[in-house]
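Predicted model only: the values in this text are computed from it and were never measured. Side chains are part of it too, since the values below use all heavy atoms of this structure and drop only hydrogens, waters and symmetry mates. To find a chain, count down the sequence lines: A is the first, B the second, and so on, and within it residues start at 1.
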Protein chains: 2
Amino acid sequence: MECPAMSDPKIRTMEDFASASGISRPTISKYFNDPSSVRQSTRVKIEQALEQFEYRPNVYAINQNRRQTKNIGIVVPYLADPFFAEIARTIEAQVIQAGYRPVLLGSHGDPEQEIENLDNLRLIKPAGVLLAPLGRASDPARLDAFCRDVPTVLFDANVDGIGAAFVGSDNNQSIGLIVEYLCRTGQPPAFFEMKTPANPNALKRRTAYLNAMKRLGHAPVLVQASGGGWDFEAIGFREGSRVLTDRKLPTNTVLCSNDRLAIGLLSAAYQMGIRVGIEEGCTLRVAGHDDHPFSRYTSPTLTTVSQNYVAIAERSAETLFKLINDESPPTAREITLFEGNLVMRASA
Amino acid sequence: MECPAMSDPKIRTMEDFASASGISRPTISKYFNDPSSVRQSTRVKIEQALEQFEYRPNVYAINQNRRQTKNIGIVVPYLADPFFAEIARTIEAQVIQAGYRPVLLGSHGDPEQEIENLDNLRLIKPAGVLLAPLGRASDPARLDAFCRDVPTVLFDANVDGIGAAFVGSDNNQSIGLIVEYLCRTGQPPAFFEMKTPANPNALKRRTAYLNAMKRLGHAPVLVQASGGGWDFEAIGFREGSRVLTDRKLPTNTVLCSNDRLAIGLLSAAYQMGIRVGIEEGCTLRVAGHDDHPFSRYTSPTLTTVSQNYVAIAERSAETLFKLINDESPPTAREITLFEGNLVMRASA
DNA sequence: GCCTTAATTTTACGCGCATAAAGAATTAAA
DNA sequence: TTTAATTCTTTATGCGCGTAAAATTAAGGC
């Protein structure tokens, strides 16, 4: 039995706790709003009483009356994607550290779910929202309507003009990096992607690939998979099988728009008996983008470009907090891009 | 500009909406509590007004006064594991369909985080909680204390005597199934697992393996990986490399306690040039357990046993709702186990 | 048409806290 | 020590809704 100090008199309300601790209720209220806003000596008193009586204020009563809650919404397009799960987790930590309460929501790749998530967030009157939008599938008008009402920072995927700021990866740099690497170490890569990608990053990566190839004096080769949705591995497998069967590829090197496509492609190659990698006897090189958590366990391990998602998480959270606490007029929409790093493994 | 019907008079409170719709406030309140509890004709009136004025009641005011909120907590040990992300998503859908609001929390493999999640859930006074505990790492006393206060159903991992019910997989059946399959189609398997697994399912699987081998008249071989944590792929890779290097395995078949270990092992085998599978020329067979989302893209694709997580999700949600709505005295702790299905792929 | 039953309105109170204003007490500075 | 600034207490009001009880009205059956 835990029994810190015989919490005999039942402390249910802040009033109870106030009289039990010998401090006035409004001061207690101030303390819970911001512990540093009361004198050090009274703070100590309160915290001692807190250990005795283990009282916790009623969240609903608090939030009903405060102008602004301490809730921060975090919305990601797909929670079952380990990449987003990881970045969400990192952001969560930032939010908690800053004294806010994270509320994590996944959109399951569905634009309606995304809007529903935002609508649900509205109901809890969040201080701000960190939103990784679905991208092209998103309903920009409704996204914008939300961002006008609630301080919102976009991350991972940009939607032009929406939200107070955007923090993401510099696809131009990262794709340039790996294209250069591939060209330097072997045949110039073809680019494997979705024909009509939902994610705006995919479009930027395509452009970046084309630019990089031009710069290096090679003819670009686009391999575009039809189909939609978020089941990238399946698409990568299906279209990868097709392309490898056709044998029309003018190069032995494939750069995938993201790691999940690459995972599908590697699986297809393996099943066709095609040896992938940079070792002797390999007839195909495959590279990806994102440094997906599973990319280090593929066969062969996947050469890719890592996104600096820690930096992205930190900066986007930081930007949001500034936005929330700043009385200054909202400045111009700021775009921050972090560079990727080459992760050399066995596949290319 | 959206402007359904000129919502000129600003509807902020239920009182506003009541007068605007010509219905009394208590009736409006009843409607939002349960739309079917008001007469059909008034329900129509309210819903018409609702379209005109798009009023939403204040969540905080509601929950402050209701004896019970409509919140259902969902706690999983590790959100970055696609298996849990998927099952969480399925449960979410169930919860929403039943008219509740899911609150999803991940414990990041950390027992303290798990307790913190439960503490945070307490603050929002949930109607009930669906908890997939960390397992052996969990703090049983504090888990129990929570379950005594809040209707809680455990799923995925059982902790003896804690929670009102448990819904999971029948490890004995599923492991038996795949052991039989492996024995029937080749050499009897060794069992690859963690020496001190955090997950109680792992222990049941070990026992199930030993039982199955005994039943089939084979000598069991346990391969136990040291180390802890939730980075199963890394452990599978590291320990897998070691075991394959040692060449002390008296069989060419390895059954892994879960797919994530198998993913690591497959990666290790590939890097060592060991051909895995049931084809000609393969010297190793590998099987897993769980039908992890990535198991169909490994090289080779992973033979495994699928958990019926849709059934688990449905039953656990269903059980919780019954528990919440039932006035009957809490019956004996019910344990429901669903059978697994063999998923035959290329690795074994 | 009257009666029974169910649904609604009216009235009223309370939930647990934020917050504002004014005065009292404490602290720091002069 | 005096004064000014800070912090605290007291007092009071209100947030938006749940909910209970009594009075009223509407619906359905004969």
**Report entry** More than 12 heavy atoms of other groups within 6.0 Å of Gln68(B) CD
**Finding:** yes
Requested in this report: Note the angle between the end axes of the helix from dG1(C)-dC30(D) to dA30(C)-dT1(D), five pairs defining each, rounded to 10 degrees.
Outcome: 10°
Sub-3.5 Å pairs of nitrogen or oxygen atoms, protein against nucleotides 10-13 of chain C:
| unit_1 | atom_1 | unit_2 | atom_2 | d |
| --- | --- | --- | --- | --- |
| dA12(C) | N6 | Arg25(B) | NH2 | 3.4 |

**Report entry** All pairs passing salt bridge (charged side-chain N to carboxylate O under 4.0 Å, His left out) where residues 85-114 of chain A contributes a residue, at least two apart
**Finding:** none
**Report entry** Spacing between Met14(A) atom CE and dC17(C) atom P, to the nearest angstrom
**Finding:** 5 Å
**Report entry** Heavy-atom pair with the smallest gap, counting every atom of Thr90(A) and Ala313(A)
**Finding:** CG2-CB, 3.6 Å
Report summary line: Taken to the nearest whole Å, CG/Asn65(B) to P/dC17(C) is 13 Å
Query raised in the report: How would you list, by chain and number, every residue that makes a salt bridge (Lys or Arg N to Asp or Glu O under 4.0 Å) with Asp144(A), sequence neighbours excluded?
Result: Arg148(A)
Query raised in the report: Residues in salt bridge (Lys or Arg N to Asp or Glu O under 4.0 Å) with Arg43(B), at least two apart?
Result: Glu47(B)
Report summary line: Hits for ring pair (Phe, Tyr, Trp, His ring centres under 6.0 Å) against Tyr78(B), two or more places apart or cross-chain, chain-then-number order -> Trp230(B)
Report summary line: Residue set satisfying side chain to side chain contact (heavy atoms under 4.5 Å, CB included) with Ala157(B), at least two apart, ordered chain then number -> Pro133(B), Asn199(B), Pro200(B), Asn201(B)
Report task. For residues Leu134(B) and Gly109(B), report the shortest heavy-atom separation together with the two atoms involved. Result -> CD2-CA, 3.5 Å
Query raised in the report: Are Arg142(A) and Asp119(A) close enough for a salt bridge, meaning some N to O gap below 4.0 Å?
Result: yes
Query raised in the report: Which is true for Phe17(B) with a 4.0 Å heavy-atom rule: it touches a base, it touches only sugar-phosphate, or it touches nothing?
Result: nothing
Report summary line: Heavy-atom closest pair (Phe146(B) atom, Leu118(B) atom, distance to 0.1 Å) is CE1-O, 3.3 Å
Requested in this report: With sequence neighbours excluded, give me every side-chain hydrogen bond (donor to acceptor under 3.5 Å, both in side chains) pair touching residues 149-164 of chain B.
Outcome: Arg122(B)-Asp149(B), Asn158(B)-Arg333(B)
Query raised in the report: Taking any atom under 4.0 angstrom from a heavy atom of chain A, which nucleotides of DNA chain D are the first and last to qualify, 5' to 3'?
Result: dT7(D) to dG16(D)
Query raised in the report: In whole angstroms, how far is the C1' atom of dG14(C) from the CD atom of Glu15(A)?
Result: 14 Å
Query raised in the report: Listed by chain and number, what are the salt bridge (Lys or Arg N to Asp or Glu O under 4.0 Å) partners of Glu116(B), not counting sequence neighbours?
Result: none
**Report entry** Residues within residues 28-50 of chain A bordering DNA chain C, heavy-atom distance below 4.0 Å
**Finding:** Ser29(A), Asn33(A), Arg39(A)
Requested in this report: Can you sort out the partners of Tyr309(A) under side chain to side chain donor-acceptor pair (under 3.5 Å), two or more places apart, ordered by chain and number?
Outcome: none
